[in-house]
Amino acid sequence: MSPPNRRSLKTKLVSPHKFMETEILQTDGVENAERMELTRVRERFPDALNDTYEFRGDLWLYIRRDNLLEVCQFLRDELHYLYMCDVLGLDWLAKWEEGEKAKRFEVVYNLYSPVTFQRLLLKVEVDEGESLPSVTGIWEGANFPEREVYDLYGIPFDNHPNLKRILTPEDWVGHPLRKDYPLGGEEIPFAQDSFGPAIQDMTHPHAGESFDGRTGTEEVSGR
Amino acid sequence: MRQPYIPSQATATTVERTEEGTMIINMGPQHPSTHGVLRIVCELEGETIVHSECIIGYLHTGMEKEAEYLQYHKCIPMTDRMDYLSANNNNLAFVLPVEKILGIEIPPRGQYLRILLCELSRVASHLVWLGTHLLDLGGMTIFFYTFREREKILDLFEMMSGVRMMPSWICVGGLRGDMPEGWEARLRALLKELPPALDEMEDIVTNNPIFMERAKGVGVVTTEECFALGVSGPSIRATGLAWDIRKSNPYSGYEQFDFQIPTATNGDVYDRYLVRMAELRESIKILQQAIDGLPGGEINTSDRKVTPPPRGEIDSSMESLIHWFKIHTEGFRPPVGEAYVPIESPKGELGFYIVSDGSSRPFRMHTRAPSFMNLQALAKMAKGRLIADMVAIIGSLDIVLGEIDR
């Protein structure tokens, strides 16, 4: 039995897959590929982009909910974001309550191009009770991560082939990764009908953080 | 001698008939070949799988939720428990985005030591995969060979950190300590012993007619399907694409090492075996280069807000004492920002998405677990195959349920 073929990365990438042949010529010579994607999306969908965010070399595009599917299709077909890396949710409860954010949740789509080796992160803002279109029609692999977001944040996805809870049991109440969901999730009864000292702190995430300027006051939880 | 077959005791799974004449069989979650607590509901027509669905979550412990309540350095031991077969890779994957948000650099010696630990972990993880995969297929011999070699690697982890499986030795800012005396010699001895041991294993498996019969042409996927399904790691390399994050997006100094990306062409169970075996040899090459070229100097970043000062300084310097206290009680506060840094874990692309709100705890920690995404390919791989192939396919995907359920 001969050992498996060992080929270098460069030679392999211009080979048999049709979708890979074209893009290499286009992205070579473009100095800042991230910028290129930003301008391409802006040209093609002038209304789709709400905002952008750059941090330490990574680029986030804030996409309007209504344009999500067409932007994803465009990124996949023309900018070769073939690889569906991940979908995850964020809950900005405190900022939303204070009015800093218009919508409570953000869903992050983590896309990777195996042609340019670039990563692009899309963000869609979604409010409580709103749903998002499922991208499973574009990347089949969004199935599990979207179910995870639905399970842990309660954000439903339209046209998802199998939208049900994935990590928690089917009869679970609540969505555990929401910021107003207490850690532990269940009240642990102690003697004399009390529920233990920790449960009060736990209902307010990031409250009672020790050494946070409140040392010596009653608010310190002793964590 | 086997016990006589008693039907009433043997039917541990429930069988159900559908209207189309197919049969629904429940596999797991206690099935030994599901590598943990994976449950698969298979719809069978005779012995052929028409449809299958994975049911996961039996190990869900809410680690991502828990992390929001823990300071950054206290999250690290939790990450070991995700992919418990290659804990060092998980530590590194957690630490890298935090360091990216902090904007700190690790000295070369620290990076080399991290690579040493990660590659040792990769070898250990692949050895467990090989042993258990072949055990599932009925070949028990190889299991003892692989676990014998894995013990030596765990001994090295124990020597360094005191813990065999969950070292938590990589921390934000570097490592918890340098390698102890005698570690290098033990590692060099191991690197001499490993290639002949691998030869021995390959002699047993590679041309074994039973294994080839069970593995060749089973569980085939193409590169396009892998992309769409989010499959990464050895499974996608077995389809012919030489994509390895250590080469394509190098982290922790992997660009300085000379190694190749093994690929195969058919994308079946057998090719995934070939790719992983070749990867073991490449890892040994990386280990050899790392230990030969190990630079001197510091292992931790000099940023005293992140790395505790050396123990000796505390006795003489008040500032060091303050830093020591601050780090171990308050932790450190990265600036507001978000980061995702992928690494090539033995299972595929592993990355932590960290959102920092400026406090000493992550606002959000999300794990992009390779096993979780790779598992999506199982239904596609198993469709149209026999129920006996399911075991071979699960084994070849190399999943760890701790990472899937988190």
Side-chain angles (χ1 to χ4, degrees), chain A residues 1 3-9 11-13 15-17 19 53 55-58 60 82-86 88-92 108 110 112 114 117 119 121 138-145 148 151-152 162 165-169 176-177 179 181 183-185 202 205-206 209-212 223, chain B residues 53 56-57 60 62 64-66 68-69 100-101 103 206-207 223-225 227-232 238 240-244 247-249 260-265 271 274-275 277-278 326 329-330 337-340 342 349 351 353 355 357 359-361 363-364 366 368 372-373 375-376 405-406:
Chain A
M1 186 67 212
N5 298 329
R6 289 171 181 174
R7 285 171 237 171
S8 77
L9 199 61
T11 52
K12 188 60 205 173
L13 271 176
S15 74
H17 310 291
F19 46 78
Y53 169 60
F55 187 71
R56 308 244 193 260
D58 284 334
W60 280 258
L82 302 165
Y83 191 65
M84 174 76 225
C85 194
D86 206 359
L88 63 119
L90 300 174
D91 181 4
W92 297 99
V108 185
N110 187 340
Y112 182 76
F117 302 141
R119 188 169 297 282
L121 296 120
I138 302 165
W139 298 281
E140 233 181 311
N143 189 334
F144 274 23
E148 191 189 319
D151 184 2
L152 303 179
N162 188 19
R165 286 184 181 270
I166 185 167
L167 291 179
T168 56
L177 273 179
K179 289 285 181 189
Y181 189 95
L183 186 69
M202 303 262 182
H206 294 266
E209 184 174 17
S210 49
F211 303 97
D212 201 17
R223 262 177 178 279
Chain B
E53 194 191 332
I56 59 177
H60 181 59
E64 290 175 3
K65 181 79 174 174
E66 184 79 35
E68 291 173 9
Y69 293 80
K100 190 173 178 180
I101 295 176
T206 307
N207 286 324
T223 314
E224 288 86 343
E225 285 168 351
F227 276 142
L229 287 165
V231 176
S232 55
L241 183 85
W243 172 44
D244 189 318
K247 286 269 193 201
S248 65
N249 306 67
Q260 252 124 31
I261 309 173
T263 58
T265 44
D271 278 12
L274 289 180
V275 165
M277 289 314 280
K326 292 271 278 183
T329 53
E330 185 191 331
E338 303 181 17
Y340 174 82
E349 177 181 337
Y353 189 97
V355 181
D357 60 349
S359 76
S360 61
R361 303 166 192 191
F363 179 77
R364 171 86 164 102
H366 174 79
R368 194 272 178 204
F372 181 72
M373 299 296 278
L375 189 65
Q376 293 188 90
D405 295 341
R406 306 187 289 284

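In what follows, chains are A, B, ... by sequence order, proteins preceding strands, each numbered from 1. Just so it is clear, the model here is predicted, and its values are computed rather than measured.
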**Message:** Report which part of B/F372 has an atom under 4.5 Å of a heavy atom belonging to chain A: side chain, backbone, both, or neither.
**Reply:**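 Backbone plus side chain of B/F372, per the 4.5 Å heavy-atom cut-off to chain A.
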
**Request:** Would you mind checking which part of B/E225 comes under 4.5 Å of any heavy atom in chain A, side chain (CB onward), backbone (N, CA, C, O), both or neither?
**Result:**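 Contact with chain A is absent: no heavy atom of B/E225 under 4.5 Å.
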
**Request:** Flag the pair A/D86 / B/H366 as yes when at least one side-chain heavy-atom distance between them is below 4.5 Å, and no otherwise.
**Result:**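 Yes, at least one pair of side-chain atoms sits under 4.5 Å.
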
**Message:** Measuring only between side-chain heavy atoms, which start at C-beta, is A/L152 closer than 4.5 Å to B/K65?
**Reply:**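 No, too far: nothing below the 4.5 Å cut-off.
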
**Message:** Run A/L88 and B/R368 through side chain to side chain contact (heavy atoms under 4.5 Å, CB included) and show every step you take.
**Reply:** CA-CA 9 Å; A/L88 63 119; B/R368 194 272 178 204; over 6 Å; no

**Message:** If we define contacts as heavy-atom pairs under 4.5 Å, which of A/P169, A/C85, A/A142 has the most with chain B?
**Reply:**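 Top count of heavy-atom pairs under 4.5 Å with chain B: A/C85.
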
**Message:** Taking side-chain contact (heavy atoms from CB on, under 4.5 Å) as the definition, give me every residue that meets it alongside B/N249, ordered by chain and number, with sequence neighbours left out.
**Reply:**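 Checked B/N249 against side-chain contact (heavy atoms from CB on, under 4.5 Å); matches are A/Y112, A/F117, B/I245.
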
**Item:** Residues forming a side-chain contact (heavy atoms from CB on, under 4.5 Å) with B/Q376, sequence neighbours excluded
**Value:**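 Partners of B/Q376 by the side-chain contact (heavy atoms from CB on, under 4.5 Å) criterion, ordered by chain and then number, come out as A/N143, A/F144, A/P145, B/L229, B/M373.
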
**Request:** Give a yes or no on whether the backbone of A/G89 and the side-chain of B/R364 come within a donor-acceptor separation of less than 3.5 Å.
**Result:**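 Looks like yes, one N/O pair under 3.5 Å.
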
**Prompt:** Short question: side chain of A/R56, backbone of B/A339 - any donor-acceptor pair under 3.5 Å?
**Reply:**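 Side chain of A/R56 to backbone of B/A339: no pair is present.
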
**Request:** Heavy-atom distances under 4.5 Å only: say whether A/W60 touches chain B with side chain, backbone, both or neither.
**Result:**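 When you check distances to chain B, only side chain atoms of A/W60 fall under 4.5 Å.
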
**Contacting moiety of A/N110, where chain B heavy atoms sit under 4.5 Å** =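 It is the side chain, since no backbone atom gets that close.
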
Picking from [options], which has the most non-hydrogen pairs under 4.5 angstrom with chain A?
| options | result |
| --- | --- |
| B/M277, B/K326, B/E66 | B/E66 |
| B/I101, B/D271, B/D405 | B/I101 |
| B/E349, B/E338, B/H60 | B/E338 |

**Message:** Nearest 0.5 angstrom please: A/L121 CG to B/Y340 OH, how far?
**Reply:**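 Separation between the atoms: 9.0 Å.
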
**Item:** Nearest non-hydrogen partners of A/Y83 and B/G230, listed with the distance
**Value:**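 In this case the closest contact between A/Y83 and B/G230 is OH-O, 2.9 Å.
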
**Message:** Distance to the ring centre below 6.0 angstrom and angle to the axis at most 45 degrees; does that hold for B/K100 and A/F55?
**Reply:**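 That pair does not qualify as a cation-pi contact.
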
